[in-house]
Peer 1: 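So that we are looking at the same thing, I have put the structure below in C-alpha cells.
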Amino acid sequence: MSDVVLITGATSGFGRAAARRFAKAGWSLILAGRREARLQELKEELSQVPVHTVALDVRDAEAVKQAIAELPDEFRPIKSLINNAGLALAPKPSQDVDLADWHTMIDTNITGLVNVTHAVLPSLIKVGKGASIVNLGSVAGQWPYPGGHVYGATKAFVQQFTYNLRCDLLGTGVRVTDIAPGMAETEFTLVRTGGDQAASDKLYSGTTPLEPEDIAELIYYTASLPAHININRLEVMPTRQAWSPFAIDRD
Ligand code: NDP
Ligand code: 8X3
C-alpha cells in the first residue's frame, strides 16, 4: 500500500503543486479545499495515483473532524499532513483594516490549522516513524513589515505551534516542520488585494519570485527525508528578495 498525504489548500498555489509532486512519487493523495470543481480537475489530472477529495472549509472544526472520520480505508493511516491552507487580507495599515478581515485570517491560518492538526494527529502517531507534519508559515512570521499586522502574527503562531508540537511528539516518531517562504507567485496576492489582478501582476513583475513548484519540492523533500531527520524550520526567499533598513519617523 502506498503512503498517504493530506494536503490542505490543494486547489491553488503551493498546495496544488505539492499534490503534483507527491503524485509523481506515487503517494496516495487526500486533497482538501473549498473549490470543489478545482479538486475534481486535479483528481482527473492525477489519475495515476489514488486520490480522495474533500470539499472543506478548514475553519469548520466539526466538518474537519467528520471528513477525517469518514476517510475510506484505502486513505488511512495518514503519513504526512501538509497544513498549507491559508491567506492574507487587507494589505494596509492596521488602523484602516476591517475587523472581519483580521478574524478571517485568525480563523483560517490559526484555528483552521489547529482543527486539521487535532483531527489528524492520531493517524500520524499510528504511523509513527517517518510520519510528518509540514506547516506553511511565512517570512512574515519572523520579520515585520507595514501591512503585515495579523497575517504575520498568525504565521508567528504557526512557527511556535510547530516547535511546541515537536516537544509533545518527541518519542512518537512524528516530525514537525515550519516552512517559511518569502515572495512566491500564486493566487496569494490576488486574494490579499481582494481580486486586484493588476496589483498582483505588479508585485511580481520585473523580479523573479519563487514558484509554487519550488516550495512543493521543499515540502516533498521535508516529508520524504530519512525518518531520523527533522527540519525544524526552513526559511526560503527568492534570491532577488532581502530585508530593508529600519524605518524612521522624522520631523
Ligand atoms: P493560494 O491563494 O494560491 O492558495 C491558498 C489555498 O488555501 C487555496 O487552495 C485555498 O483553497 C486554500 N484556503 C484558503 N482558505 C481556506 C479555507 N477556509 N478552507 C480551506 N482551504 C482554504 O496561496 P499560496 O499557495 O501562496 O498559499 C499557501 C500557503 O502558503 C498559505 O498558508 C500562505 O499564507 C503561505 N505562504 C504564501 C506565500 C506566498 O508568497 N505566496 C509566502 C509564504 C507563505 P480554496 O479557496 O479552494 O478553499
Ligand atoms: C507571504 C510572503 O512576503 O507577502 O507570506 O509576507 S510575504
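All ligand and atom numbering here is 1-based and tracks the order in the structure.
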Peer 1: Select one of side chain, backbone, both or neither to describe which atoms of Leu56 lie under 4.0 Å from any atom of ligand 1, heavy atoms only.
Peer 2: backbone

Peer 1: I need the atoms of ligand 1 closer than 4.0 Å to a non-hydrogen atom of Ser138, numbered in the order shown.
Peer 2: 43 (C), 44 (C)

Peer 1: Quick check: do Thr108 and Val58 have side-chain heavy atoms less than 4.5 Å from each other?
Peer 2: yes

Peer 1: Of all the non-hydrogen atoms in the protein, which one sits nearest to atom 39 (C) of ligand 1, and at what distance?
Peer 2: Ala184 O, 3.6 Å

Peer 1: Any chance CG of Leu170 has more than 12 other-residue heavy atoms, nucleotides or ligands included, within less than 6.0 Å?
Peer 2: no

Peer 1: Among all protein heavy atoms, pick the one closest to atom 3 (O) of ligand 2 and tell me residue, atom and distance.
Peer 2: Val139 CG2, 3.9 Å

Peer 1: Using non-hydrogen atoms of the residue, decide whether Ala140 is closer than 4.0 angstrom to ligand 1.
Peer 2: no

Peer 1: Can you tell me which residue and heavy atom of the protein come closest to atom 11 (O) of ligand 1, and the distance to 0.1 Å?
Peer 2: Thr11 OG1, 2.9 Å

Peer 1: Is there a polar contact between ligand 1 and Gly9, counting only N or O atoms under 3.5 Å apart?
Peer 2: yes

Peer 1: Tell me: protein heavy atom nearest atom 26 (O) of ligand 1, and distance?
Peer 2: Thr186 OG1, 2.6 Å

Peer 1: Going by an N to O cut-off under 4.0 Å, is there a salt bridge joining Asp107 and Arg59?
Peer 2: no

Peer 1: Which heavy-atom pair separates Thr8 from Val116 by the least distance, and what is that distance?
Peer 2: CG2-CG1, 4.0 Å

Peer 1: Hey, does the side chain of Thr172 reach the backbone of Val174 with a donor-acceptor pair shorter than 3.5 angstrom?
Peer 2: yes

Peer 1: At the 4.0 Å heavy-atom cut-off, does Asn84 count as touching ligand 1?
Peer 2: yes

Peer 1: Which ligand 1 atoms are under 4.0 Å away from a heavy-atom of Gly137?
Peer 2: 43 (C), 44 (C)

Peer 1: Can Glu41 and Lys43 be counted as an ion pair, charged N to O under 4.0 angstrom?
Peer 2: no

Peer 1: List every atom of ligand 2 that sits less than 4.0 Å from any heavy atom of Tyr151, numbering the atoms from 1 in the order shown and giving each element.
Peer 2: 1 (C), 5 (O), 6 (O)

Peer 1: Given 3.5 Å as the limit, does a donor-acceptor pair link the side chain of Arg175 with the main chain of Ile229, or not?
Peer 2: yes

Peer 1: Out of Gly86, Ala32, Gly141, Ala17, whose heavy atom sits nearest atom 7 (O) of ligand 1?
Peer 2: Gly86

Peer 1: In the protein, what heavy atom is nearest to atom 22 (C) of ligand 1, and what distance, to one decimal place, separates them?
Peer 2: Ala85 CB, 3.7 Å

Peer 1: Taking NZ, NE, NH1 and NH2 as the nitrogens, is one of them in Glu213 or Arg21 under 4.0 Å from a carboxylate oxygen of the other?
Peer 2: no

Peer 1: Take a 6.0 Å sphere around CD of Glu36 and say whether it holds more than 12 heavy atoms from other residues, nucleotides or ligands.
Peer 2: no

Peer 1: Is the closest heavy-atom distance from Gly182 to ligand 1 below 4.0 Å?
Peer 2: yes

Peer 1: Starting from atom 14 (C) of ligand 1, find the nearest protein heavy-atom neighbour and note its residue, name and distance.
Peer 2: Arg34 NH2, 3.4 Å

Peer 1: So is there a nitrogen or oxygen of Phe14 less than 3.5 Å from a nitrogen or oxygen in ligand 1?
Peer 2: yes

Peer 1: Does the side chain of Lys24 come within less than 4.5 Å of Val49's, by heavy atoms?
Peer 2: no

Peer 1: Report, in ascending order of atom number, the atoms of ligand 1 lying under 4.0 Å from any heavy atom of Asp57.
Peer 2: 17 (C), 18 (N), 19 (N)

Peer 1: Specify the protein heavy atom at minimum distance from atom 43 (C) of ligand 1: its residue, its atom name, and the distance to 0.1 Å.
Peer 2: Pro181 O, 3.2 Å

Peer 1: Taking only heavy atoms of Phe188, which atoms of ligand 2 are found under 4.0 Å from at least one of them?
Peer 2: 1 (C), 4 (O), 5 (O)

Peer 1: Under 4.0 angstrom from ligand 1, any heavy atom of Lys155?
Peer 2: yes

Peer 1: Do NZ/NE/NH1/NH2 and the carboxylate oxygens of Arg35 and Glu187 come within less than 4.0 Å?
Peer 2: yes

Peer 1: Please could you name the atoms of ligand 2 that Tyr145 approaches to less than 4.0 Å, counting only its heavy atoms?
Peer 2: 4 (O), 6 (O), 7 (S)

Peer 1: Identify, by atom number and element, the atoms of ligand 1 in contact range of Glu187, meaning under 4.0 Å from any of its heavy atoms.
Peer 2: 2 (O), 3 (O)

Peer 1: Identify the protein heavy atom lying closest to atom 33 (C) of ligand 1, giving its residue, its atom name and the separation to 0.1 Å.
Peer 2: Tyr151 OH, 3.7 Å

Peer 1: If the cut-off is 4.0 Å to any non-hydrogen atom of Ala140, which atoms of ligand 2 fall inside it?
Peer 2: 6 (O)

Peer 1: Taking non-hydrogen atoms only, is Arg16 closer than 4.0 angstrom to ligand 1 via side chain, backbone, both or neither?
Peer 2: neither

Peer 1: For atom NZ of Lys92, is the number of surrounding heavy atoms from other residues, nucleotides or ligands below 6.0 Å larger than 12?
Peer 2: yes

Peer 1: Please step through side chain to side chain donor-acceptor pair (under 3.5 Å) for the pair Ser2 and Ser28, ending with a clear verdict.
Peer 2: CA-CA 6 Å; Ser2 55; Ser28 297; 2.6 Å; yes

Peer 1: Would you mind listing which atoms of ligand 1 come within a distance below 4.0 Å of any non-hydrogen atom of Gly13?
Peer 2: 3 (O), 25 (O)

Peer 1: Arg240: which residues meet the salt bridge (Lys or Arg N to Asp or Glu O under 4.0 Å) condition with it, sequence neighbours left out?
Peer 2: none

Peer 1: Side chains of Asp3 and Ser80: is there a donor and an acceptor less than 3.5 Å apart?
Peer 2: no

Peer 1: Which ligand 1 atoms, with their elements, are less than 4.0 angstrom from a heavy-atom of Arg59?
Peer 2: 18 (N)

Peer 1: Going by heavy-atom distance to atom 4 (O) of ligand 1, choose the closest among Ser12, Ala10, Ala37.
Peer 2: Ser12

Peer 1: Specify the protein heavy atom at minimum distance from atom 19 (N) of ligand 1: its residue, its atom name, and the distance to 0.1 Å.
Peer 2: Val58 N, 3.0 Å

Peer 1: Any nitrogen or oxygen of Tyr204 lying under 3.5 Å from a nitrogen or oxygen in ligand 1? Just yes or no.
Peer 2: no

Peer 1: How close do Ser138 and Lys155 get, heavy atom to heavy atom, and via which atoms?
Peer 2: CB-CG, 3.6 Å

Peer 1: For ligand 2, which atoms, with element, lie under 4.0 Å from some heavy atom of Ser138?
Peer 2: 1 (C), 2 (C), 5 (O), 6 (O)

Peer 1: Taking atom types as modelled, is there a side-chain donor on Asn135 or Thr162 under 3.5 Å from an acceptor on the other?
Peer 2: yes

Peer 1: Tell me which part of Thr108 gets within contact of ligand 1: side chain, backbone, both or neither, using heavy atoms under 4.0 Å.
Peer 2: side chain

Peer 1: Closer than 3.5 angstrom, by distance alone: can the side chain of Asp196 be matched with the main-chain N or O of Ala199 as a donor-acceptor pair?
Peer 2: yes

Peer 1: Any ring pair (Phe, Tyr, Trp, His ring centres under 6.0 Å) involving residues 156-215? Give me the pairs, sequence neighbours left out, ordered by first then second residue.
Peer 2: Tyr151-Phe188, Phe157-Phe161

Peer 1: Could you tell me whether Arg192 approaches ligand 2 through its side chain, its backbone, both or neither, with non-hydrogen atoms closer than 4.0 Å?
Peer 2: side chain

